[in-house]
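First the structure, in the form of structure tokens, and then the observations on it.
Computed from a predicted model, the values in this text were never measured in an experiment. Numbers restart at 1 for each chain; the letters A, B, ... are given by sequence-line order, proteins then strands.
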Amino acid sequence: MKVLPRSFYLREDVVAIARELLGKCLFTQFDGRITGGIITETEAYAGVTDSASHAYGNRRTQRTEVMYSQGGTAYVYLCYGVHSLFNVVTNMKDVPHAVLIRALKPVTGIHAMLRRAGKPAAGKGFGTGPGKVAKILGIHYSHTGMDLTVKPSSGSMPGIWLEDGGVRIRPGEIITGTRIGVEYAGKDALLPYRFRIMAT
DNA sequence: CGGCCGATCCACT
DNA sequence: GTGGATCGGCCGA
């Protein structure tokens with residue numbers, strides 16, 4: 001297992017990064033507990049020219065400022081007043097690209113994730129849906145801005161990080177489609193920016 | 001300062 | 001398949 005380096009996130013093609021994040025491992029450590037799993041669904045948000053992006057038209061506000069950080073930073077925001085949604089910022093500083101993590105196959109710390117979900121056992125839908133991904137990993141919108149390239153050096157430190165676990169996804173296993181919940185974005189809603197691993 | 005709305009989820013029909 | 005929850009962010013006045 002190898003922590004994804006800064007160089008992975010600094011690249012220009014956010015759509016390619018979204019595709020490559022499939023099969024990578026996402027971990028968190030909060031309250032001394034490590035939880036995580038394999039990323040199975042992502043969406044790319046291509047910054048100032050993408051009308052589905054919060055940074056469309058170079059909108060720079062207190063909330064979106066984190067999207068203008070260098071790649072490898074966490075962008076977490078509150079959606080519908082209820083759900084924290086976790087995104088990976090990509091590209092260089094001042095270019096506000098991001099990838100939304102929509103689904104995760106739970107692997108590490110299952111018990112803690114079930115407890116956060118308030119479920120007695122893993123059922124259908126455990127780990128699917130961006131609100132639920134953040135919830136089971138213990139990610140809250142107050143965690144926006146965290147550095148994703150550093151694995152905590154001790155069990156008492158909080159952290160969010162990604163690793164390459166060596167899982168190889170064949171192109172034929174990837175389903176490409178349009179993004180969810182962005183109907184307001186006009187023609188950009190039709191862009192093929194959603195990627196997921198075919199159910200086995 | 002007020003009003004509208006959202007990169008969602010769940011219970012209920 | 002549908003509607004309600006729920007509240008910070010954003011924009012216009």
Side-chain angles (χ1 to χ4, degrees), chain A residues 9 13-22 24 26 28 35 37 39-69 71 73-91 95-106 113-146 148 160 162 174-197:
Chain A
Y9 304 101
D13 189 346
V14 66
V15 177
I17 294 173
R19 195 186 303 112
E20 291 171 31
L21 281 172
L22 295 177
K24 298 293 190 292
L26 170 61
T28 63
T35 50
I39 294 169
T40 59
E41 184 176 348
T42 62
E43 282 178 0
Y45 285 84
V48 301
T49 62
D50 178 357
S51 55
S53 170
H54 293 160
Y56 177 60
N58 205 35
R59 183 198 292 152
R60 249 179 131 129
T61 67
Q62 191 162 10
R63 178 179 68 152
T64 64
E65 189 59 32
V66 170
M67 295 185 78
Y68 293 79
S69 307
T73 303
Y75 171 48
V76 192
Y77 70 94
L78 183 66
C79 187
Y80 292 101
V82 182
H83 308 287
S84 289
L85 268 55
F86 172 73
N87 299 251
V88 173
V89 173
T90 72
N91 214 310
V95 182
H97 288 181
V99 176
L100 172 67
I101 307 302
R102 293 192 57 88
L104 190 77
K105 179 183 177 186
M113 291 192 282
L114 285 170
R115 189 154 40 76
R116 287 173 182 146
K119 304 250 159 121
K124 189 170 165 61
F126 182 48
T128 69
K132 289 189 284 185
V133 167
K135 182 170 188 180
I136 67 175
L137 291 175
I139 297 173
H140 181 260
Y141 61 87
S142 63
H143 296 132
T144 197
M146 287 181 76
L148 301 175
I160 307 173
L162 288 87
I174 298 177
I175 301 170
T176 303
T178 56
R179 294 172 292 183
I180 303 294
V182 297
E183 296 77 13
Y184 60 87
K187 65 176 170 54
D188 287 344
L190 304 176
L191 293 169
Y193 282 3
R194 178 182 178 213
F195 303 98
R196 61 199 156 108
I197 301 176

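- Just one of A/Thr40, A/Val15, A/Ile39 meets the side-chain contact (heavy atoms from CB on, under 4.5 Å) condition when paired with A/Phe195; it is A/Val15.
- With rounding to whole Å, A/Gln62 atom CD is found 16 Å from C/dC7 atom C1'.
- Neither OP1 nor OP2 of B/dA7 sits under 4.0 Å from any side-chain N or O of A/Tyr75.
- One can place CD of A/Glu65 at 16 Å from C1' of C/dC10, the figure rounded to the nearest angstrom.
- In terms of position along DNA chain B, the nucleotide closest to A/Tyr184 lies nearer the 5' end than the nucleotide closest to the other residue of the pair A/Tyr184 and A/Lys119.
- Rounded to whole angstrom, the span from the OH atom of A/Tyr56 across to the C1' atom of B/dA7 amounts to 16 Å.
- For the pair A/Gly81 and A/His54, both in contact range of DNA chain C, the more 5′-proximal nearest nucleotide belongs to A/Gly81.
- In this structure, the NE2 atom of A/His83 is 9 Å from the C1' atom of C/dA5, given to the nearest Å.
- Here the P atom of nucleotide B/dA7 and the NE2 atom of A/His97 are 18 Å apart, to the nearest Å.
- A/Lys132 has a side-chain polar atom (N or O) that falls below the 4.0 Å cut-off from OP1 or OP2 of B/dC10.
- In this structure, CG on A/Leu162 lies 6.5 Å from CD1 on A/Ile101, to the nearest 0.5 angstrom.
- Remark: A/Arg63 is in phosphate contact with C/dC10, judged by side-chain N or O atoms under 4.0 Å from OP1 or OP2.
- Within the structure, a side-chain polar atom (N or O) of A/Thr61 is placed less than 4.0 Å from OP1 or OP2 of C/dC10.
- The separation between A/Leu85 atom CG and C/dC7 atom P is 16 Å, rounded to whole Å.
- Put simply, CD1 on A/Ile101 is 16 Å from C1' on B/dT8, counting in whole angstrom units.
- The distance from atom CZ of A/Arg102 to atom P of B/dC9 is 7 Å, rounded to the nearest whole Å.
- Note that OH of A/Tyr68 and NE2 of A/His97 are 10.0 Å apart. Values are rounded to the nearest 0.5 Å.
- Under 4.0 angstrom from either OP1 or OP2 of C/dG9 there lies no side-chain N or O belonging to A/Arg59.
- Base engagement by A/Val82 is indicated by at least one non-hydrogen atom pair under 4.0 Å involving a base atom.
- Residue A/Leu100 is classed as a base contact, given a heavy-atom separation below 4.0 Å to a base.
- Residues A/Asp13 and A/Ile17 form no side-chain contact, since every pair of their non-hydrogen atoms from C-beta on lies 4.5 Å or further apart.
- Residues A/Phe126 and A/Lys119 form no side-chain contact, since every pair of their non-hydrogen atoms from C-beta on lies 4.5 Å or further apart.
- Judged by ring centres under 5.5 Å apart and planes tilted less than 30 degrees, A/Tyr45 stacks against the six-membered base ring of B/dA7.
- Among A/Arg194, A/Lys105, A/Arg196, the one residue that satisfies the side-chain hydrogen bond (donor to acceptor under 3.5 Å, both in side chains) test with A/Glu41 is A/Arg194.
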**OP:** With pairs defined as Watson-Crick or G-U wobble and both distances under 3.5 angstrom, please note down DNA chain C as a dot-bracket string, | for pairing with another strand.
**Re:** |||||.||||||.
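- Here the options are A/His83, A/Glu43, A/Arg102, A/Lys135, the test is side-chain contact (heavy atoms from CB on, under 4.5 Å), and the partner is A/Pro130; only A/Arg102 passes.
- Looking at heavy atoms from C-beta onward, A/Tyr45 lies in side-chain contact with A/Arg179 at the 4.5 angstrom threshold.
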